[in-house]
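Just below is one structure, and these are the notes that go with it.
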2 protein chains.
Amino acid sequence: MKIGELSRATGTNIETIRYYERIGLLPAPGRTAANYRSYGNAHRSRLSFVRHSRELGFTIEEIRSLLDLSDDPARDCGEADRIATAHLEQVEAKIAQLARLRDELKRIVGRCRGGAAADCRVIEALGDHRHCESAH
Amino acid sequence: MKIGELSRATGTNIETIRYYERIGLLPAPGRTAANYRSYGNAHRSRLSFVRHSRELGFTIEEIRSLLDLSDDPARDCGEADRIATAHLEQVEAKIAQLARLRDELKRIVGRCRGGAAADCRVIEALGDHRHCESAH
DNA sequence: CTTGACCCTGTAGTTGCTACAGAGTGCATA
DNA sequence: TATGCACTCTGTAGCAACTACAGGGTCAAG
């Protein structure tokens with residue numbers, strides 16, 4: 001299939017597909033007589049793997065490691081688990097951090113009673129870190 | 001005070017301070033005879049405002065709007081509240097999205113029983129979107 | 001008088017794409 | 001046959017929000 005078809009099949013931007021090839025995440029496919037890229041099912045699977053991993057927030061480098069693992073079926077799969085577990089921990093840390101921000105923002109918004117900016121509690125709270133209850 | 005002192009006083013990287021000046025977020029300070037930047041308390045307050053807002057996840061453009069507001073004390077402060085409220089909604093949306101990712105990741109990790117990569121459930125789950133329970 | 005800490009400008013790198021510009025290809029229609 | 005349109009190609013530049021140099025100048029202490 002040509003790049004446009006692969007794009008539609010995987011919901012991936014054409015430019016993104018070429019980008020993945022350029023950084024070595026996808027192998028360079030064969031070419032037609034007109035120098036068009038020509039993909040097969042292996043390419044589509046690999047791209048789906050990449051896109052799904054990206055949607056789950058894995059970085060390109062993490063995905064590279066995961067692809068290396070899946071390319072070598074004899075290798076120990078514990079590393080895949082470690083990568084995924086480490087990523088899960090990062091996601092949980094990010095959620096906790098955002099929850100603290102949310103609480104701080106909640107305290108800040110809604111305090112404005114529609115006066116002039118000179119008396120604005122929102123701007124005041126943003127200017128002075130000491131108003132905060134938790135670290136961020 | 002010189003840039004290093006301002007950096008320590010606000011916990012901001014020196015390069016970042018110069019960057020903020022370059023993009024017009026901080027006004028260009030006066031210079032000493034040796035062409036060193038020379039800051040006063042107004043600069044320090046403004047930079048604290050910027051850093052605090054960044055820590056709370058506001059974008060540079062949002063901060064620019066908030067600074068415009070606080071620079072003009074006569075203006076209506078409702079806009080500051082709108083910006084902060086909109087940002088709060090974005091944070092809440094991001095938390096919800098990350099929570100979905102976390103749940104998906106939790107389902108994926110820990111399924112590996114330490115075999116070969118060929119049988120790895122983690123890699124399998126990443127390759128096939130149909131295993132997912134929620135959209136992401 | 002030299003060492004070290006500080007400061008300057010300007011540019012390039014980071015992550016993960018996205019958006020062109022300028023050119024070629026392939027197929028259907030007037 | 002021409003021509004219009006969709007598609008593809010390469011290469012480069014842009015985004016956010018910094019961060020990291022390189023290659024120089026300044027200044028106080030020993």
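In what follows, chains carry the letters A, B, and so on, assigned in the order in which the sequence lines appear, proteins first and then strands, with residues in each chain numbered from 1.
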* Do B/Leu98 and B/Leu101 pass the side chain to side chain contact (heavy atoms under 4.5 Å, CB included) test, and can you show the C-alpha distance, the side-chain angles, and the key distance before you say yes or no? -> CA-CA 5 Å; B/Leu98 284 177; B/Leu101 293 197; 4.2 Å; yes

* Do A/Tyr36 and C/dG26 share a donor-acceptor pair, side chain to base, under 3.5 Å? -> no

* To do: Would you mind reading off the distance between A/Ile17 atom CD1 and C/dG16 atom P, rounded to a whole angstrom?
  => 18 Å

* Asked: Taking atom P of C/dC6 as reference, at what distance in whole Å does atom NZ of B/Lys2 sit?
  -> 9 Å

* **DNA chain C: 5'-proximal contact among A/Thr16 and B/Asn35 (nearest heavy atom)** => B/Asn35

* Asked: How would you label the contact of A/Ile23 with the nucleic acid (heavy atoms, under 4.0 Å): base, sugar-phosphate, or nothing?
  -> nothing

* To do: Could you say whether A/Glu15 or B/Thr32 is positioned toward the 5' end of DNA chain D, judged by the nucleotide with the nearest heavy atom to each?
  => A/Glu15

* Structure fact -> Taken to the nearest whole Å, CZ/B/Arg18 to P/C/dG10 is 12 Å

* Asked: If you look at every strand shown and take non-hydrogen atoms under 4.0 Å, does B/Arg37 touch a base, only sugar-phosphate, or nothing?
  -> sugar-phosphate

* Given atom OH of B/Tyr19 and atom P of C/dT14, what is their separation to the nearest angstrom? -> 17 Å

* Asked: Any side-chain donor-acceptor pair under 3.5 Å between B/Tyr20 and B/Arg46?
  -> no

* Below 4.0 angstrom, N of the basic side chain to O of the carboxylate: do B/Glu104 and B/Arg107 qualify? -> yes

* Structure fact -> Rounded to whole Å, CE of B/Met1 lies from P of C/dC6 at a distance of 16 Å

* Asked: Counting any heavy atom closer than 4.0 Å, what does A/Arg54 reach on the DNA or RNA strands: base, sugar-phosphate only, or nothing?
  -> sugar-phosphate

* Asked: Any donor-acceptor pair under 3.5 Å linking the side chain of B/Arg54 with the backbone of B/Phe58?
  -> yes

* Asked: With sugar-phosphate meaning primed atoms plus P, OP1 and OP2, does B/Arg51 contact a base, only sugar-phosphate, or nothing at under 4.0 Å between heavy atoms?
  -> sugar-phosphate

* Asked: Taking CZ from B/Arg22 and P from C/dT9, how many angstroms apart are they, rounded to a whole number?
  -> 10 Å

* Asked: In terms of the nearest nucleotide of DNA chain D, which residue is placed more toward the 5' end: B/Glu61 or B/Ala34?
  -> B/Glu61

* **For atom CG of B/Leu25 and atom P of D/dA16, their distance in whole Å** => 13 Å

* Given atom CZ of B/Phe58 and atom C1' of D/dC18, what is their separation to the nearest angstrom? -> 19 Å

* Mind checking B/Tyr20 for me? I need base, sugar-phosphate or nothing, with any heavy atom below 4.0 Å counting as a touch. => sugar-phosphate

* Structure fact -> dist B/Arg18:CZ -> B/Thr12:OG1 (nearest 0.5 Å) comes out at 13.0 Å

